[in-house]
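Worksheet: the structure to be examined is printed underneath.
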Amino acid sequence: PVPRPKPELFASGPLQVWTWDISYLRSSVRGEFFYLYMVVDIFSRRIVGWDVFKEESSALAATLIERASLAAGSPKGLKLHSDNGGPMKGCTMLAMLQSLGMSASFSRPRVSDDNPYSEALFRTVKYSAMFPDKPFETIETARSWVAGFVEWYNTKHKHSAIRFVTPDQRHFGHEAELLVKRAALYELARRRNPNRWSCQSRNWSPAPAVRLGPVRTRVPTKEVVIH
């Protein structure tokens with residue numbers, strides 16, 4: 001076996017690192033599924049591309065990534081991270097990334113937590129209060145529901161990992177002004193009634209840069225000398 005290092009990606013702003021994956025959506029036909037493709041910017045947590053198809057395909061994935069890239073203004077040097085599935089590593093997909101000026105990054109084989117941002121997004125999708133209890137009757141109904149979810153998630157969902165601003169606010173650079181106003185409001189509330197505050201208010205500075213697969217520094221251990 002060839003050792004594969006843990007992926008190390010860093011994003012200090014939007015349009016630097018995207019991750020994507022595919023998840024199942026139940027259909028009304030027993031044993032058949034629709035496939036939800038989603039692309040997320042790890043810095044802003046914004047869903048930058050999505051679609052629902054009837055199959056997993058490298059060609060369909062390549063079309064989705066091309067569409068997302070064009071919608072984002074065709075950024076160059078962007079890194080796209082995914083797991084090791086067939087649609088992710090297919091020739092059509094890799095050729096499309098090369099033509100778009102993107103570079104591919106992949107999870108380690110048989111490692112389930114190397115793509116945490118996409119996994120967390122799918123968990124939010126399926127544990128959302130608005131997720132339907134019954135399977136989707138048609139692919140059109142599935143697409144319609146996902147479109148509504150994406151609109152809510154990008155524009156209304158206050159994301160806890162980015163100081164409770166929406167992905168759109170962080171992606172388009174509106175978070176700083178918003179967080180300054182929020183910090184001032186909290187400080188005013190603390191001064192008006194200091195007895196209700198055991199410490200300073202919440203940290204409302206913008207969330208820091210994002211790293212996928214952080215490097216953990218090893219704490220040196222003391223050398224034991226045996227006499």
Side-chain angles (χ1 to χ4, degrees), residues 4-26 33-53 55-69 71-72 75 78-90 92-94 96-97 100 102-128 130-131 142-143 145-155 157 159-162 166-168 170-171 207 209-214:
R4 288 278 300 276
K6 190 171 185 178
E8 292 286 344
L9 299 171
F10 181 81
S12 58
L15 305 181
Q16 295 179 8
V17 181
W18 290 354
T19 71
W20 78 282
D21 206 348
I22 302 172
S23 188
Y24 298 97
L25 296 177
R26 288 192 303 159
F33 298 90
F34 300 125
Y35 298 90
L36 173 58
Y37 295 53
M38 274 192 166
V39 189
V40 60
D41 187 299
I42 72 168
F43 177 80
S44 64
R45 309 305 203 275
R46 185 175 191 265
I47 299 172
V48 294
W50 69 272
D51 211 330
V52 181
F53 298 112
E55 60 181 348
E56 293 182 290
S57 162
S58 177
L60 292 173
T63 301
L64 173 62
I65 297 300
E66 181 183 29
R67 200 165 65 216
S69 175
L78 192 148
K79 296 180 176 63
L80 183 68
H81 181 74
S82 65
D83 61 24
N84 286 274
M88 291 75 175
K89 303 189 79 170
T92 305
M93 181 64 174
L94 297 180
M96 177 60 71
L97 294 183
L100 294 173
M102 296 184 185
S103 58
S105 168
F106 299 103
S107 302
R108 293 168 294 175
R110 296 175 297 280
V111 177
S112 60
D113 59 351
D114 274 358
N115 195 8
Y117 295 96
S118 287
E119 295 294 338
L121 175 58
F122 282 130
R123 180 177 176 83
T124 302
V125 170
K126 295 186 176 181
Y127 282 83
S128 166
M130 64 182 75
F131 193 78
R143 284 173 176 160
W145 182 87
V146 175
F149 173 85
V150 171
E151 174 68 16
W152 168 82
Y153 183 88
N154 282 344
T155 64
H157 175 55
H159 203 299
S160 61
I162 51 175
T166 68
D168 268 10
R170 181 163 166 88
H171 193 84
V210 179
R211 183 184 296 275
L212 190 154

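For reference, positions follow the sequence shown, starting with 1.
The closest side-chain heavy-atom distance from Phe149 to Val125 is below 4.5 Å. Two residues are said to be in side-chain contact when any heavy atoms from C-beta on lie closer than 4.5 Å; Ser58 and Met88 fail this criterion. Looking only at side-chain heavy atoms (C-beta outward), His171 and Asn154 stay at 4.5 Å or farther from each other. When side chains are defined from C-beta on, Trp145 counts as touching Met130, because their heavy atoms get closer than 4.5 Å. With a 4.5 Å cut-off on side-chain heavy atoms, Ile162 and Ser44 do not count as touching. Side-chain contact check for Met38 versus Trp20: every heavy-atom pair is 4.5 Å or farther apart.
In this structure, Arg45 forms no cation-pi arrangement with Tyr117, as its terminal cationic atom is not both closer than 6.0 Å to the ring centre and no more than 45° off the ring axis.
For the atom pair NE2 (His81) and OG (Ser107), the distance works out to 3.5 Å, reported to the nearest 0.5 Å. Note that the CZ atom of Phe53 and the CG atom of Leu36 stand 10.0 Å from one another [nearest 0.5 Å].
Salt bridge status for Arg46 with Asp41: absent, with no side-chain N to carboxylate O gap under 4.0 Å.
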- Stepwise, does the side-chain contact (heavy atoms from CB on, under 4.5 Å) test hold for Asp21 with Asn115? CA-CA 8 Å; Asp21 206 348; Asn115 195 8; 4.1 Å; yes

- Task: Would you please test Ile65 and Leu80 for side-chain contact (heavy atoms from CB on, under 4.5 Å) and show each step?
- Result: CA-CA 9 Å; Ile65 297 300; Leu80 183 68; 3.9 Å; yes

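Checked by atom type and distance alone, the side chain of Thr166 never pairs as donor or acceptor with a backbone atom of His157 at under 3.5 Å. Of the possible polar contacts, none joining the Ser128 side chain to the Thr124 backbone as a donor-acceptor pair under 3.5 Å is found. No donor-acceptor pair closer than 3.5 Å links the side chain of Asn84 to the backbone N or O of Lys89.
Shown here are the side chain to side chain donor-acceptor pair (under 3.5 Å) partners of Gln16, two or more places apart in sequence or in another chain: Ser12.
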